[in-house]
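What follows is a single structure, written as structure tokens, with notes after it.
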Amino acid sequence: MANRTPAARKRWHVTLIVTLFTLAVAGAAFTGWRFARESPPHQGPIVLISVDGLRADRLAAYGARPGTTPAIDALAADGIVFERAYTHSPQTLPSHAALLSGQLPFDNGVRDEGGYALKDQARTIAELLRNRGFNTGAAVSSFLLRRATGIAQGFSFYDAEIPDQPLEEGALPERDGLATFDVADQWLKTQSSQRYFLFLEVNAGSADAVVGRIVDELKRTKRYNDSTIFLTADHGDAGSGASLNDASLRVPLIVKQPGETGGGRRVLQPVQHIDVLPTLLDLVRAPMPSGLRGRSLRAILDKTSGFVPDQPIYAELLAPQFRVDGLPVFSLSTGAYRFVRGNDDQLQRLVADAPDADPARVEALKASLDRLVQGRAIDPPTPPAQADEDRLAAFGYVQGLRPVPPLAPVAPLAPTISAEQQAELISSHRAAVALIAQKRYSAALDRLRAIVSKHPDLASVQYQVGVLLARTGRLDEAAKTFGAVAALRPDDPQLPIALASAMLRARRVDDAATHADRAVELADAGSDARLKATAHEIAARVALAREDADAANAQALAAQKADPLLPLPQFVRGRLLYGEAKYEEALAAFQEAQVALKPGNGVLAELHLYLGNSFARLERYADAEAEFQEELREFPQNIGTYASLAMLYRASNRDQAAEQIIGDLVEAAPTPEGYSMAARLLTIVGEKARAEALRSDARRRFRGDPSLALLGRGR
């Protein structure tokens, strides 16, 4: 072929370049069109609203009578409604831990309403969005979501200030949702850009009003159109708190997108709480952490034909095991069925027209559940802070003994009671424990003893009876009860620890020493570091009471070896110096313990009490008052601290303050022991008539209570 002329070659090059450029532009346009169809990253605001105990079928969007929740109905009209969304627990704290961490309970570490906190290594929605440049804020209504639970991880602003008010019958320690929104609204008004994430947790009664307020605020700031709003609930109707079914696990999930994209659309595919975190990350185009079990729902949000793979949905309820020695309950759900393992195996039909279950599929579902829970340790709950005990009791939570067995079952355990009987037991127990929150201790004891009478093998409930007896000053009865429980659980160090503590309070130090030695023996034979530290701590305190300095120091060192964060050696050294009237040196030792006990590392009983006593001995009364008040904040049941503070006020000629703290004592400890101490203090401050009136009132209030004998000691 003849060679092309230079002019022809030039024309050919120009044509090629133009063609390639045209193709590149077309390709870029196609790529841009494709990404535009996938929707741009959501820039915020992002709002996640969780409603406590809101069943999906209570909303018009899910078939309820229209008009009762107009604000939520309007949000649903602007958003996409997921008709079958599920939580992973019928409890408030575990469900929120899963929602915010994107992890199932056995991964994030939160297994009950009390005694657990989100693991430090869990990465929450707030933390991940903050890493993408979002400001993060939250306000919650339930005491169960206080900072100590770890739920605040990743939030720059987190408000959980719940009013500390007396709990009347049926009342829960929570803040009205509108008050919670008011706090959040103050934070919202400080946001200069739209790139923020707000989490709100509110009670069901105020949910619609809160949704209306948040929508109004977003519209006022002209950010509603750009906003992404997720509305869900922590659980449905938990009922007695003993069942895993649609009533307790099905929750609403409404997602409003920027520009109201997809508004009015409904999704039938089952989804779950742990899908929320990957979905939000996908919407803002953030990288996904490894190990997430949930799915991004972005494909469904982007288009009607969007699809995500089906995934069995896990749920659990361990409260029966932790509180009443019952059996834990686990479930795994597909689109048509839910397999539940607890007192027995059950198969629940989730859709009315589902055919009879294929036995092979049922076995496959069982095997899938087994693989999820098999070999996973159920860590025992840690003791709640004394300051939290009554408010947790309002939710039915009181700690029992360590669970037995320690591992989740891979096959049904041999139940001693049926599922229906366990549900009834949990309901009765919850009602009994709620009386503790109301400080109706005698009534609570009667209810708990009725449970024990019906189920004498429930060691945890008997243990709870003993703890309540000790709390009300009935120490001999408490010791007898703990002894009976020890016969059921002879290898559990919690029982000799409880016996040693009761005997120490009763000033029976030799008996206390015997039980402390047994506690140390049992704890050291096990692997639970917390129990080892507790056993050696009570042994150190008993040694102090026996004025055995060498033993006290040795036990304190052993306690610190088990728990390096526990400054017991410094505290013991301070106690010994205080006993020798070396108050300056004692103060230095106590302050050293205080510095070592950094915030978040727990508390040490009587540390602030002895700091206060040391300051008082050195006539530093303002410092002493502050330490006494801090001890009462951490240990509100410590009657001796009320006495020390009252005497400080008396020595400072602050009689009115002394009378006020005596009144606080009676309110905090409405027991014969508390009344007895208050009467003695009133006598000391010169109010003999009021002291006698208080004793008379106690005899009327506690008629028949064996601990009324304490009142005689105040004469």
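Predicted model only: the values in this text are computed from it and were never measured.
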* To do: Would you please test Arg620 and Glu584 for salt bridge (charged side-chain N to carboxylate O under 4.0 Å, His left out) and show each step?
  => CA-CA 11 Å; Arg620 294 172 57 178; Glu584 289 278 8; 5.5 Å; no

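- Within 6.0 Å of CD in Glu667 there are 12 or fewer heavy atoms belonging to other residues, nucleotides or ligands.
- Salt bridge Asp159/Arg175: present, at least one basic N to carboxylate O contact under 4.0 Å.
- Under the 4.5 Å side-chain criterion, counting only non-hydrogen atoms from C-beta, Pro670 is in contact with Tyr441.
- Side-chain N/O atoms of Glu537 and Gln555 include no donor and acceptor closer than 3.5 Å.
- A distance-only check finds a donor-acceptor pair linking the side chain of Glu113 to the backbone of Thr92 [under 3.5 Å].
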Distance-only check: which donor-acceptor pairs under 3.5 Å involve side-chain atoms of residues 458-468, not counting sequence neighbours?
unit_1 : atom_1 : unit_2 : atom_2 : d
Ser460 : OG     : Asp325 : OD1    : 2.7
Ser460 : OG     : Leu401 : N      : 2.9
Gln462 : NE2    : Pro456 : O      : 2.8
Gln464 : OE1    : His429 : NE2    : 2.7
Gln464 : NE2    : Arg323 : O      : 2.9

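- Atom CZ of residue Arg575 and atom CD of residue Glu547 lie 10.5 Å apart, to the nearest 0.5 angstrom.
- A donor-acceptor pair is defined here as one N or O able to donate and one able to accept, closer than 3.5 Å; no such pair exists between the side chain of Glu174 and the backbone of Ser142.
- Classification of the Trp187-Phe157 ring pair by plane angle, with boundaries at 30° and 60°, yields parallel.
- Not one N or O on the side chain of Ser676 forms a donor-acceptor pair closer than 3.5 Å with the backbone of Pro672.
- Contact check on Arg440 versus Asp446 returns no salt bridge, with no Lys/Arg side-chain nitrogen under 4.0 Å from an Asp/Glu carboxylate oxygen.
- With hydrogens and angles disregarded, no donor-acceptor distance shorter than 3.5 Å links the side chain of Arg489 to the backbone of Gln494.
- Aromatic ring centroids of Tyr675 and Phe702 lie under 6.0 Å apart.
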* To do: Take Ile662 and Leu682 through the side-chain contact (heavy atoms from CB on, under 4.5 Å) test and state the conclusion after the steps.
  => CA-CA 8 Å; Ile662 294 170; Leu682 284 171; 4.0 Å; yes

* Please lay out, stage by stage, how Arg690 and Asp697 fare under the test salt bridge (charged side-chain N to carboxylate O under 4.0 Å, His left out). => CA-CA 10 Å; Arg690 289 181 59 192; Asp697 183 36; over 6 Å; no

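- In this structure a side-chain-to-backbone donor-acceptor pair under 3.5 Å is missing from Tyr642 to Val666.
- Here the straight-line distance linking atom OG1 of Thr671 with atom CD of Gln637 works out to 10.0 Å at 0.5 Å rounding.
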* Show the numbers, then the answer: is there a ring-ring contact (aromatic ring centres under 6.0 Å, His included) between Tyr621 and Phe628? => CA-CA 10 Å; Tyr621 298 132; Phe628 289 146; over 10 Å; no

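- Taking OG from Ser442 and CZ from Arg703, the interatomic distance works out to 12.5 Å, rounded to the nearest 0.5 Å.
- The shortest side-chain heavy-atom distance between Thr149 and Val110 does not fall under the 4.5 Å cut-off.
- Ion pairing between Glu477 and Lys480 fails under the 4.0 Å rule for side-chain N and carboxylate O.
- Taken from CG in Leu144 to CZ in Phe395, the straight-line distance is 4.0 Å, to the nearest 0.5 Å.
- The main-chain N or O of Arg449 is never found under 3.5 Å from a side-chain atom of Ser453 such that the two would form a donor-acceptor pair.
- Heavy-atom contacts from other residues, nucleotides or ligands closer than 6.0 Å to CD of Gln629 number more than 12.
- Of the possible polar contacts, none joining the Arg402 side chain to the Pro381 backbone as a donor-acceptor pair under 3.5 Å is found.
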* Asked: After noting the C-alpha distance and the side-chain angles of Arg650 and Asp655, does the key distance pass the salt bridge (charged side-chain N to carboxylate O under 4.0 Å, His left out) rule?
  -> CA-CA 6 Å; Arg650 174 64 173 168; Asp655 290 348; 3.3 Å; yes

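- Ring centroids of Tyr583 and Tyr578 are separated by less than 6.0 Å, placing the two rings close together.
- Shown are Asp234, Ile151, Ile162; of these, the side-chain contact (heavy atoms from CB on, under 4.5 Å) with Leu145 is made only by Ile151.
- Judged by distance alone, the side chain of Glu631 and the main-chain N or O of Glu606 form a donor-acceptor pair under 3.5 Å.
- Atom-to-atom distance recorded for Leu469:CG and Asp476:CG is 10.5 Å, nearest 0.5 angstrom.
- Taking 4.0 Å as the cut-off between side-chain N and carboxylate O, Asp379 and Arg111 do not count as a salt-bridged pair.
- A salt bridge between Lys532 and Asp524 is absent, with no side-chain N of the basic residue lying under 4.0 Å from a carboxylate O of the acidic one.
- Taking the six-membered ring where tryptophan is involved, the planes of Phe590 and Phe571 are tilted, since the angle between them lies from 30° to 60°.
- Each of Thr180, Asp176, Asn203, Asp52 was evaluated against Ser141; a single residue qualifies, Thr180, per the side-chain hydrogen bond (donor to acceptor under 3.5 Å, both in side chains) test.
- Checked by atom type and distance alone, the side chain of Asn553 pairs as donor or acceptor with a backbone atom of Ala549 at under 3.5 Å.
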* Asked: Taking it one step at a time, do Glu627 and Asp623 satisfy side-chain contact (heavy atoms from CB on, under 4.5 Å)?
  -> CA-CA 6 Å; Glu627 294 297 339; Asp623 290 330; 5.6 Å; no

* Asked: Under the side chain to side chain donor-acceptor pair (under 3.5 Å) criterion, do Tyr649 and Glu625 qualify, and how do the steps go?
  -> CA-CA 9 Å; Tyr649 289 146; Glu625 179 182 4; 2.8 Å; yes

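- A donor-acceptor pair is defined here as one N or O able to donate and one able to accept, closer than 3.5 Å; such a pair exists between the side chain of Thr683 and the backbone of Ala679.
- Here the straight-line distance linking atom CD of Glu687 with atom CD of Glu659 works out to 4.5 Å at 0.5 Å rounding.
- Salt bridge status for Arg573 with Glu585: absent, with no side-chain N to carboxylate O gap under 4.0 Å.
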